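Values in this document were obtained by computation on a predicted structure and should not be read as measured data.
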Amino acid sequence: LTRFPAIISPNRATAVVGAPFSFEVIATAARLEWPEITASGRLPEGLIYSPYRHTISGTPQIETVGSYLITLIARTNGGVVTQEFILTVV
């Protein structure tokens with residue numbers, strides 16, 4: 001039995017300029033199948049996405065205040081699912 005993965009983490013987060021930030025992207029899939037999770041889109045300077053830890057982390061810089069649209073993508077043998085994720089830097 002194969003089924004599509006699902007991204008179950010929230011679809012938005014807020015980071016504060018100059019403060020350490022970390023957000024874990026969480027996805028589920030069929031039993032014994034771990035989703036590959038990637039991110040597409042521009043992250044603010046000072047933040048990176050780690051495909052190994054499934055996290056967006058770092059410290060946003062002052063010139064990055066605003067909202068960023070990131071597409072999160074989870075893949076398994078069962079298929080692909082995406083989630084639009086909004087990161088706001090204040």
Quick one: closest heavy-atom pair of R75 and V80, and the distance?
-> CG-CG2, 3.6 Å

Without swapping roles, check the side chain of E36 against the backbone of W34 for a donor-acceptor pair under 3.5 Å.
-> no

Answer yes if I7 and F4 sit in the same cluster of Ile, Leu, Val, Met, Phe, Trp and Tyr residues linked by side chain heavy atoms under 4.5 Å apart, and no otherwise.
-> no

Side-chain contact test, heavy atoms from C-beta onward, threshold under 4.5 Å: evaluate it for F23 versus L87 and give yes or no.
-> no

Honestly curious: do I73 and I70 fall in one hydrophobic cluster under the side-chain, below-4.5 Å linking rule?
-> no

Is there a donor-acceptor contact under 3.5 Å from the side chain of S9 to the main chain of V25?
-> no

With the 4.5 Å side-chain cut-off for hydrophobic clustering, are I62 and I48 part of the same group?
-> no

Tightest non-hydrogen contact, residues A29 and T76, listed as CB-CG2, 3.6 Å

Please tell me if the side chains of L69 and E84 come closer than 4.5 Å, counting only heavy atoms from C-beta onward.
-> yes

State, to 0.1 Å, how close V89 and P44 come at their nearest heavy-atom pair, and which atoms those are.
-> CG2-CG, 3.7 Å

Euclidean distance, Y68 OH relative to I86 CD1, rounded to 0.5 Å | 13.5 Å

Closest heavy-atom pair and its distance - Y49, I56 | CD1-CG1, 3.7 Å

A74 versus P5, closest heavy-atom pair with distance | O-CG, 3.4 Å

Grab the two heavy atoms, one from F21 and one from L47, that are nearest each other, plus how far apart they are.
-> CD2-CD2, 4.1 Å

